[in-house]
Number of protein chains: 2
Amino acid sequence: MVTLKEVAQKAGVSPSTASAAIRGMDIVRPDTAKRVLDTAAKLNYQINMSARALRSGRTNIYTMLIPDLENQFYAKLANALSNELAAHGKRLIVQTNNFKKDKELEQLAQISASMCDGVFIASTHNTGREIHEALKTFPALLFDDMSPDEDAYYDSIETPSQAGMHALIRHLVSLGRKRIGIVGTFADNVKPVGKGSPTEIAFAIRQNRYDFAAQAMQAYGLPVDDAFIVSDWSVNAGIETAHQLVKQGLRFDALCCANDDLALGIIRGLLECGVRVPEDVAVTGFDGIAPGSFTTPTLTTISSDYQGMAQTAIDMMESQVEQPDEHTMPRRIIVGFQLLQRESTLGFGAGKD
Amino acid sequence: MVTLKEVAQKAGVSPSTASAAIRGMDIVRPDTAKRVLDTAAKLNYQINMSARALRSGRTNIYTMLIPDLENQFYAKLANALSNELAAHGKRLIVQTNNFKKDKELEQLAQISASMCDGVFIASTHNTGREIHEALKTFPALLFDDMSPDEDAYYDSIETPSQAGMHALIRHLVSLGRKRIGIVGTFADNVKPVGKGSPTEIAFAIRQNRYDFAAQAMQAYGLPVDDAFIVSDWSVNAGIETAHQLVKQGLRFDALCCANDDLALGIIRGLLECGVRVPEDVAVTGFDGIAPGSFTTPTLTTISSDYQGMAQTAIDMMESQVEQPDEHTMPRRIIVGFQLLQRESTLGFGAGKD
DNA sequence: TTGAAAGCGCTAACAT
DNA sequence: ATGTTAGCGCTTTCAA
């Protein structure tokens, strides 16, 4: 194994000069730097990351906590973040907690400066305050933080729920749909209690997109009907909800779902009940995951700017890591989006991407 | 920041004893170990991973190279591996190369012992030999290595292509399908050349499942028809292939596809052409990814044992990491599978999971 | 602009 | 079973 000391010797400089050259510091004379770099290349020198991390206190590794990698929304986010970090010479460790609050807290408790420089968190169960209690001053950034303002400890990158829902409702209205139902919150807008009840933050996440959809409907003068119980934003929850809706005697000509999984489940469930999409009921999703582009019907949805989320996240994270003491107010950045008009609202054969 | 030295002092032992206690070595007396652990907990001691890695030469981090995290097959594999490693107290860095051979080679060249203990590779373009040239003796394990025997340098975990294809063909035959086409290799079983041509390994991967399906068909006395060109195993390739097949005058009552994406594309494409699945043509996939369970029709497919793949991979990797000098013949382990009979062969409403 | 010296926190080898 | 000592390879500080 070739060490920096050996490279320095062969290049005829001191280890500290070689180090500076390797790191591209502009205090070394260009010809000296070139000599060091050439020597390093010739000897096939590899930086020892452990030693660098121990001495400098920087690992150049980041951690991301997400519920599940098989969920396409999180996979897209992780993919974008990993690629963007790689472009900065940094690497990402992804840890999943399967939507379990305790597991996430356990993961947070194990995070320390010697294993990564910062942590990106897409939490479905913990508030900024709870995360802060585990992490103290460790650099962190949240995706879709739904903490109440007094618990918002961290910068947050947010999916464009408000503008996206508005665009979807406008789209449905423009198609003449008037009896629009919103799928993806809890019954009666009331937080359920007891066994298996969601945590505050899970409730807030579900409530958020519901509220924005309702807002948009009111803006168009449409009556906001009851919200529907869904245990989570999954395909299966969508299928069950569709069966319930049909059993109750379907009173909608459109269903605006909080995410794509739910929407795909709704479509499948309606089809199982013999309800045609979009002839009888138009359906919209949110997130722009892949399956919506090839199911039949294809899914009208909002595609968030994932690369933009990743880039912004890394910018904000790096400013935290480099200026750890700048305690400013947490910022909330909302990224851009695109309305994908497809068959679940337009009809089969229409709206090819 | 609390160091091990401080913990040792407060516990009244030497640093090396404290170190051994923290690592759970059984050479320390139980009461001594307890004293150290209690002190560590009280002081909220966190192991410095960088220092440990520098001294011990082990990072407890592994790397995984895959083409794409948005591809559900790789997401499932990465998810299983990450979870299984976490259960061993180890972490996983996932790097994607977007199916680019050069990018993967670049990633391989950057892998060194100071950044991870081993690398798991699901390569679509590099042979064992090419990987070996980049990695030398660094611990590595491949998924679905298709290298010719003389280029098989590494242990490999394989999806059950042979048994799985046999089960699918048997299933189709039992349903009375006789004119079965295989989708997922190149035209005329000949390696294409020229612009955009696939690499050897990409060809071998495509050829593998085709061959096993053809084998199974011959075992059932069925004629093996031409294979179909697909540029890759993607949904879009499936859609295009379906349109081509219909244009040529569909001569099949079943299409056996090399993976789920291709099958989902085939189904979509056939539907676009007004061909009914499975009434006119039954379709099968391979991999068992999520969308196949909720598209209409749902997809009959083979679900590999992903957790088994991950567990076996980690076992084999750990034996490499712990006994680096044991140069044995590379092993090939084929994992188990499950045939999921669903609507794309049975008909709508049948075969609920 | 370059060099000399110190030491990050831990574990391994050896001594007791 | 525990302690002593040394040093992994790098970057940082300070001096020249």
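A note on names: the letters A, B, ... follow the listed sequences, proteins ahead of strands, and every chain is numbered from 1.
- Separating the OG atom in S304(A) from the CD1 atom in I334(A) is a distance of 11.0 Å, to the nearest 0.5 Å.
- Atom CD1 of I27(B) and atom C1' of dA13(C) are 12 Å apart (whole Å).
- Rounded to whole angstrom, the span from the CG atom of D26(A) across to the P atom of dT1(C) amounts to 9 Å.
- The stretch residues 40-61 of chain A comes close to DNA chain C through L54(A), R55(A), each having a heavy atom under 4.0 Å from the strand.
- Of the listed nucleotides (dT2(C), dT11(D), dT2(D)), dT11(D) has the atom at the smallest distance from the side chain of L4(A).
- Taking atom NZ on K5(A) and atom C1' on dC8(D), their separation rounds to 11 Å, with Å as the unit.
- A salt bridge is defined here as a Lys NZ or Arg NE, NH1 or NH2 lying under 4.0 Å from an Asp or Glu carboxylate O, and D38(B) with K42(B) fails to meet this definition.
- In this structure, T17(A) reaches the dG3(C) phosphate: one of its side-chain N or O atoms is under 4.0 Å from OP1 or OP2.
- A donor-acceptor pair under 3.5 Å is absent between the side-chain atoms of N98(B) and the main chain of K100(B), judged by distance alone.
- With a 6.0 Å radius and a threshold of 12 heavy atoms from other residues, nucleotides or ligands, K10(B) has its NZ atom at or below the threshold.
- Looking at heavy-atom distances under 4.0 Å, S16(A) makes contact with a base.
- One atom, CE of M1(B), and another, P of dC10(C), lie 7 Å apart when rounded to the nearest Å.
- T159(A) and V335(A) get closest at one heavy-atom pair: CA-CG2, 4.5 Å.
- Across the protein-nucleic acid pair, M115(B) atom CE and dC8(D) atom C1' stand 19 Å apart, rounded to whole Å.
- Set against dA1(D), dG3(C), dC10(D), the side chain of R29(B) has dA1(D) as its closest nucleotide.
- Listed nucleotides dT11(C), dG9(C), dT4(D) differ in distance to S19(B); the shortest reach to its side chain belongs to dT11(C).
- Using a 4.0 Å cut-off between charged nitrogen and carboxylate oxygen, E130(B) and K101(B) count as a salt-bridge pair.
- Atom CD1 in I22(A) sits roughly 17 Å away from atom C1' in dT12(D) (whole-Å rounding).
- A salt bridge links K90(B) with E318(B): the closest approach of a Lys/Arg side-chain nitrogen to an acidic carboxylate oxygen falls below 4.0 angstrom.
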